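The basis for the numbers below is simple: all heavy atoms, side chains too, and nothing from hydrogens, waters or symmetry mates. Chain A is the first sequence line, chain B the second, and so forth, proteins listed ahead of strands; every chain is numbered from 1. On a predicted model such as this, the values are computed, not experimentally measured, just so you know.
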There are 2 protein chains.
Amino acid sequence: MTRRHEEIADELRRAIGDGSYPVGAALPSESELAAAHGVSRGTLRQAFGTLQSEGLIGSRQGARRVVLAATPSQSFTELRSFAQWARAGGRTPGGRVLSAHRGKATDAEAAQLQLAPGDEVLHVLRIRTLDGDPVLLERTVYAGWCAEAVEALPDDCESVTQSLYDAVGLVMSHGEHHLDAVPAGTVDARELSVRRGSPLLRVRRTTTTAEGRPVETSDDRYRPGTVVFTVRNSVQANPLARTTPDH
Amino acid sequence: MTRRHEEIADELRRAIGDGSYPVGAALPSESELAAAHGVSRGTLRQAFGTLQSEGLIGSRQGARRVVLAATPSQSFTELRSFAQWARAGGRTPGGRVLSAHRGKATDAEAAQLQLAPGDEVLHVLRIRTLDGDPVLLERTVYAGWCAEAVEALPDDCESVTQSLYDAVGLVMSHGEHHLDAVPAGTVDARELSVRRGSPLLRVRRTTTTAEGRPVETSDDRYRPGTVVFTVRNSVQANPLARTTPDH
DNA sequence: GCATGCCACCTGTCTGGACAAGCCATCGTC
DNA sequence: GACGATGGCTTGTCCAGACAGGTGGCATGC
């Protein structure tokens, strides 16, 4: 670790987490901390910026920074894979492929994956478990160019994201998630052990590489009660919203 | 607007939005743009940072920045009030208070609002509309210390967040949202014009001031089909996730 | 006692410079 | 033609300094 601003952010995160700076307390000023760590104010501001984007601290011009929360939220903002997310919460993730077959992309799929209509894609239906209980049914469409790598994975692959990274260096670095609620269909009901028509949380997502190349698009349905999505945010985290609310 | 970095971010956002830089295209280098705008590289990086946190562009050391998406996501990350969010999407927000009464905080409510059990709180049941259609039923609990300000608001107040800011300078600057799916209850069904038991997207949220003082906690239920929550994210947006995924 | 004005302090913004690390097209070699 | 090395360009990181504008506490005056 040679990046000073990350070191400092880590240290502050730890100090906040262990209660050295309780929620509501004011942090030392930039100049003090910069001097204490032997870095310039700019580097320290970079570290503060990281914590701010995590929702741990808030700031106002003129006043000292304030601790808003003790632990970073385990939210989308980290774009975790299901497996990473599960383990971060101390649960054991599992999974199994129910079906996988190649086919031609529909117009909608092609548009989302930036392919030509009719290009080959890979459809995968996968059930995901947490401590053995089914919680999530994934209907994923992979772009043809990464189908082979996905097919090579074992049926009970624990973390697809991790495995694709290990196998072919593919990094899912960007995603867009749409959330709504839908009634369980016949397949949903059977696989998730719920009654047909009962509410499911649906997350439609498209994941792309760092270059903006779409990798997969998926319709994920979560059984309620077992998984709750958490989003923590603050006006400070986004410069867009920092201004006074407009009329 | 005297902040150069915001001006530049706005300009770039517009250029990306109108297709001057299509999705997938590379942007000019920092040095070029800095020279073109007559600012230092630092200021330009600040503007780029804003766009990056919005998910519009991505970057890798050594390569030019790339356009990832054409429109900023209207997501939680901005912690918009319902009214602001609606208007940003070109819709007309509305609303009406169905009932409001003071009461004693339950243990759960007290914990979430950081009050003592039994302290006075204000319960408000509010329906929210978009272009006249009911889309959201809010069950909100306000801490006693801001009850008066809330009661003073008109029944059909369009933006509670805005009004509280105008009236008493209260700024909702931080929030935590929990999302899941629930079946519609009797009241939900009647007010949102759906069948009982049909799926609703539930968002339980707690909002606090910049100092971390909880203002309200709410159970919001959205009628599906009309509102979709969108979260866009990238590993770049959050330094926590920038490292290689761990096993 | 209370309001007011002042002032030290702190954060936000911006500059101009420097070096490290990564990317990629070009060139030369095999 | 395929392959590998090179070097220019670009982004990431960091520094030292400057000024503007907001905050909050203290002292003054009513």
Side-chain angles (χ1 to χ4, degrees), chain A residues 1-10 12 24-53 57-68 169 171 173 209-213 234-244, chain B residues 1-10 12 21 25-53 57-68 169 171 173 209-211 234-239 242-244:
Chain A
M1 175 70 62
T2 49
R3 284 166 290 194
R4 291 295 277 131
H5 72 91
E6 277 199 18
E7 279 182 48
I8 295 171
D10 279 345
L12 289 171
L27 290 163
S29 76
E30 293 176 1
S31 326
E32 285 176 50
L33 284 174
H37 289 88
V39 299
S40 76
R41 220 185 113 211
T43 303
L44 207 113
R45 282 179 66 80
Q46 220 173 333
F48 269 149
T50 302
L51 299 191
Q52 216 153 315
S53 76
I57 62 175
S59 75
R60 275 143 69 218
Q61 192 174 36
R64 291 196 172 196
R65 269 166 238 268
V66 169
V67 179
L68 294 177
V171 178
S173 75
T209 65
E211 298 82 37
R213 192 177 189 191
S234 48
V235 290
Q236 289 93 345
N238 192 321
L240 246 191
R242 193 186 301 150
T243 51
T244 311
Chain B
M1 175 71 63
T2 48
R3 283 167 293 196
R4 290 295 277 134
H5 73 91
E6 278 198 16
E7 280 181 48
I8 295 171
D10 279 345
L12 289 170
Y21 300 116
L27 290 163
S29 76
E30 294 177 2
S31 325
E32 285 176 49
L33 284 174
H37 288 90
V39 299
S40 76
R41 219 184 116 211
T43 304
L44 208 113
R45 283 178 66 80
Q46 220 172 335
F48 269 149
T50 303
L51 300 191
Q52 213 155 320
S53 76
I57 62 176
S59 75
R60 277 143 68 218
Q61 192 174 41
R64 290 198 171 196
R65 268 165 239 267
V66 169
V67 178
L68 293 177
V171 178
S173 74
T209 64
E211 297 82 36
S234 49
V235 290
Q236 290 95 343
N238 192 324
R242 192 186 300 152
T243 52
T244 311

To the nearest Å, how far apart are [X] [atom1] and [N] [atom2]?
X: B:Arg4; N: C:dG12; atom1: CZ; atom2: C1'; answer: 16 Å
X: B:Arg3; N: D:dC19; atom1: CZ; atom2: P; answer: 21 Å
X: A:Ile57; N: C:dC10; atom1: CD1; atom2: P; answer: 16 Å
X: B:His37; N: C:dC14; atom1: NE2; atom2: C1'; answer: 16 Å

Q.
Taking side chain to side chain donor-acceptor pair (under 3.5 Å) as the definition, give me every residue that meets it alongside A:Gln46, ordered by chain and number, with sequence neighbours left out.
A. none

Nearest-0.5 Å distance that lies between atom [atom1] in [X] and atom [atom2] in [Y]:
X: B:Ile8; Y: B:Leu51; atom1: CD1; atom2: CG; value: 10.5 Å
X: A:Arg64; Y: A:Ser29; atom1: CZ; atom2: OG; value: 5.0 Å
X: B:Asp10; Y: B:Arg3; atom1: CG; atom2: CZ; value: 10.5 Å

Q) In residues 38-49 of chain B, which ones come under 4.0 Å of DNA chain C, going by heavy atoms? A) B:Gly38, B:Val39, B:Ser40, B:Arg41, B:Thr43, B:Gln46

Q | Exercise: identify the closest heavy-atom pair between B:Tyr21 and B:Pro28 | A | OH-CG, 3.5 Å

Q: Determine the minimum heavy-atom distance between B:Ala34 and B:Leu44, stating which atoms define it.
A: N-CD1, 3.4 Å

Q) Does B:Arg4 use its side chain to pair, donor to acceptor, with the backbone of B:His37 at less than 3.5 Å? A) yes

Interface polar pairs with nucleotides 3-10 of chain D, N/O, under 3.5 angstrom:
residue: D:dT10; atom: OP1; partner: B:Arg64; partner atom: NH2; Å: 2.3

Q.
Would you say that A:Leu12 contacts A:Ile57 through its side chain, given a criterion of any heavy-atom pair below 4.5 Å between the two side chains?
A. no

